[in-house]
Amino acid sequence: MKRYVILISGRGSNMESLLDAGLPGNCAAVISNRPEAAGLAAAASRGVATRAIDHRGFATREAFDADLAAEIERHAPDLVLLAGFMRILTDDFVRRFEGRLLNIHPSLLPLFPGVRTHAQALAAGVRLHGCSVHFVTPALDGGPIIAQAAVPVQADDDAETLGRRVLAEEHRIYPRVARWFLDGRLRLVGGRVCLEGETAVSGSLHVPQIA
Ligand code: GRF
């Protein structure tokens, strides 16, 4: 049975969607850099081992990442999933897990990397917004994109209403991608996404539409 570890920082709704998806693997641990993260209780209530490593207790980013990496390695995971993990990781950490480290980001990358992505999308006036799952590389939110889901931006959207619709799509695409990886169908080869059995998607989404 393959093993995976999930890293969180807060609410943990993406983590819950992964844990509830019946993935072909065992979640060895959920680790948070914030002891107060609500997601830790949600993981424990599902019988998953949890651990908090408070980044505020470390003098440097390198020291925190070294401890985090050691804790992850203890579980010898096949896959590490960042799910609302709000820390920038050092290049050393990323390289150590490269090819088995995934992230979900709430925008259609490469648009709107970083934080406050829904406000960024509204300010830019885009008609389509969404989320992306990508392999993590040292470039922040810049690794090879595996899957994306798009939602139309409504005229009366604010960051909260738009973010809610994007989050619902995050909960759909992240478990799907995790399953591909654990099934051995998804790999990072020479810096490119390699996905077995992919079929072409036809059709298009036009926004806005006039009645
Ligand atoms: C999600 O929108 C995720 O894409 C972003 O932070 C949010 C975390 O939400 N990185 P949750 O903790 O998964 O509920």
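Just so you know, ligand 1 is whichever comes first in the structure, and atom 1 is the first atom listed for that ligand. Note that the structure is predicted; figures quoted are calculated from it, not measured. We use all heavy atoms of the structure for the numbers below, so side chains are in, but hydrogens, waters and symmetry mates are not.
Remark: side-chain polar atoms of Gln148 are not paired, donor with acceptor, to backbone N or O of Ile145 under 3.5 angstrom. In this structure, the side chain of Thr117 does not engage the main chain of Ser107 through any donor-acceptor pair within 3.5 Å. A donor-acceptor pair is defined here as one N or O able to donate and one able to accept, closer than 3.5 Å; such a pair exists between the side chain of Gln120 and the backbone of Pro113. Side chain of Asp158 to backbone of Glu160: a donor-acceptor contact under 3.5 angstrom is found.
Gly12 N, 2.8 Å is the protein heavy atom nearest to atom 12 (O) of ligand 1. For atom 9 (O) of ligand 1, the nearest protein heavy atom (residue, atom name, distance) is Arg11 NH2, 3.0 Å. Ranking protein heavy atoms by distance to atom 5 (C) of ligand 1, first place goes to Pro106 CD, 3.9 Å. Protein heavy atom nearest atom 11 (P) of ligand 1, with residue, atom name and distance: Ser13 N, 3.4 Å.
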Distance-only donor-acceptor pairs under 3.5 Å for side chains of residues 180-191, two or more places apart:
| residue | atom | partner | partner atom | Å |
| --- | --- | --- | --- | --- |
| Arg185 | NE | Glu196 | O | 3.2 |
| Arg185 | NH2 | Glu196 | O | 3.1 |

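Heavy atoms of Ile8 come nearer than 4.0 angstrom to ligand 1 in no pair at all.
The pair Arg46-Asp20 counts as a salt bridge, with a side-chain nitrogen and a carboxylate oxygen less than 4.0 angstrom apart.
For Met86, no nitrogen or oxygen atom sits less than 3.5 Å from a nitrogen or oxygen atom of ligand 1, counting backbone and side chain alike.
If you number the atoms of ligand 1 from 1 as listed, the ones under 4.0 Å from a heavy atom of Gly84 come out as 6 (O), 8 (C), 10 (N). The atoms of ligand 1 that sit less than 4.0 Å from any heavy atom of Asn14 are 1 (C), 3 (C), 11 (P), 13 (O), 14 (O). Listed by atom number, the atoms of ligand 1 under 4.0 Å from Glu170 heavy atoms are 1 (C), 2 (O), 3 (C), 4 (O).
Ring geometry, Phe64 versus Phe85: the interplanar angle falls under 30°, so the pair is classed parallel (tilted spans 30 to 60°).
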